[in-house]
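Below is one structure, written out as structure tokens, with a few remarks after it.
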There are 2 protein chains.
Amino acid sequence: MTVTEVPAGGVTISAAAELSGLTVDTLRYYEKEGLSLRRPGRSASGQRRYTEEDVRWLGTLVMLRRTGMPIRDIRRFVDLYRTEGSEAQRLAILEAHREHVLEELNEVQTHLDAINRKITYYKELVNG
Amino acid sequence: MTVTEVPAGGVTISAAAELSGLTVDTLRYYEKEGLSLRRPGRSASGQRRYTEEDVRWLGTLVMLRRTGMPIRDIRRFVDLYRTEGSEAQRLAILEAHREHVLEELNEVQTHLDAINRKITYYKELVNG
DNA sequence: ATTTGACCTGGAGTGCGCTCCAGGGTTCAT
DNA sequence: ATGAACCCTGGAGCGCACTCCAGGTCAAAT
């Protein structure tokens with residue numbers, strides 16, 4: 001099932017979880033924390049139904065989380081998303097976040113270089 | 001003060017903290033958690049004195065932590081370090097960790113690409 | 001009719017990695 | 001010799017991001 005295969009009536013929370021790579025619990029947690037762009041609709045009996053757009057938004061949340069943005073900051077971003085004419089601010093947040101991620105990557109890369117040197121050293125020690 | 005400027009008698013915990021980029025509390029915490037290669041020596045009055053080697057080891061800890069290795073795994077690594085003839089196992093752990101870090105970097109890079117696309121989109125929206 | 005299984009809510013619990021604190025001793029410049 | 005600044009220990013506390021649980025509703029299959 002790909003994200004484009006969301007039926008008209010929307011999918012259940014467990015399907016949305018699978019599509020997004022999150023867990024059912026995490027989806028409900030994110031919603032509680034105000035990270036949903038809009039609360040997903042509900043079936044007649046009160047169960048969540050995620051539209052394609054909802055599922056795409058989950059992808060955005062994953063993108064931000066997995067690059068290390070804290071929940072608190074994502075909430076600020078989402079709040080802007082709900083505000084008309086906030087495009088410039090959203091852009092600013094994304095650019096600041098990108099800088100942050102690049103610094104992170106840089107630092108990790110530096111430490112990775114050190115790990116590689118250590119590996120080379122051990123390889124010579126063990127095999128050489 | 002660089003790592004090569006550690007005097008013969010060793011430096012205090014606060015100096016070691018500055019040299020390693022960790023906090024005094026973290027140094028004591030790591031020691032408690034068994035991450036010290038050897039417990040640092042003590043002054044006559046019982047204060048820790050870090051030698052140059054101690055400080056270099058802190059650098060190794062930082063390298064592993066900042067690339068995401070959990071305390072628990074680092075402890076296993078340190079235990080091997082204290083075991084003679086464990087070089088092959090140490091190498092294996094480092095290589096496994098490198099793979100893990102590379103996967104991490106890859107995933108973050110993928111999400112970063114998505115962020116960049118979003119930034120481009122907003123830039124056109126805002127300026128264009 | 002009842003069993004199964006997915007869903008619901010509110011709230012408690014967990015694991016991690018620190019971080020802080022109380023209460024006490026030591027070192028050092030003035 | 002006194003006050004500020006540093007160090008010690010054991011243990012409590014914290015922030016984060018989930019994760020789990022109890023107790024309940026509901027729909028569909030048997």
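Chain identifiers are assigned alphabetically (A, B, ...) following the order of the sequence lines, protein sequences preceding nucleic acid strands; residue numbering begins at 1 within each chain.
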Report task. Sorted by first residue and then second, give each ring-ring contact (aromatic ring centres under 6.0 Å, His included) pair with at least one member in residues 18-75 of chain A; sequence neighbours left out. Result -> A:W57-A:Y81
Query - B:R75/B:E31 ion pair, N-O < 4.0 Å - result: no
Output the rounded distance in Å from [atom1] ([X]) to [atom2] ([N]).
X	N	atom1	atom2	result
A:R39	C:dT9	CZ	P	9 Å
B:L27	C:dG17	CG	P	16 Å
B:R66	C:dG17	CZ	P	12 Å
A:E31	C:dG10	CD	P	11 Å
B:Y50	D:dC6	OH	C1'	14 Å

Query raised in the report: Do the side chain of A:S86 and the main chain of A:R82 share a donor and acceptor less than 3.5 angstrom apart?
Result: no
Query - Main-chain N/O of A:T51 paired to A:D54 side chain as donor or acceptor, under 3.5 Å - result: yes
Students often get this wrong, so: under 4.0 angstrom with heavy atoms, is [X] touching a base, only sugar-phosphate, or nothing?
X	answer
B:T12	sugar-phosphate
B:S43	nothing
B:R42	sugar-phosphate

Report task. Indicate for each nucleotide in nucleotides 12-28 of chain D, in 5' to 3' sequence, whether protein heavy atoms under 4.0 Å reach the base (B), only the sugar-phosphate (S), or nothing (-). Result -> ----SBBBB-----S--
Query raised in the report: Does B:R49 have a side-chain nitrogen or oxygen under 4.0 Å from the phosphate oxygens OP1 or OP2 of D:dC6?
Result: no
Requested in this report: Tell me whether the OP1 or OP2 atom of C:dC8 has a side-chain N or O from A:R48 closer than 4.0 Å.
Outcome: yes
Report task. Flag yes if more than 12 heavy atoms outside B:E18 fall under 6.0 Å of its CD atom; otherwise flag no. Result -> no
Query raised in the report: A:R28: what forms a side chain to side chain contact (heavy atoms under 4.5 Å, CB included) with it, not counting sequence neighbours?
Result: A:I13, A:V24, A:D25, A:R48
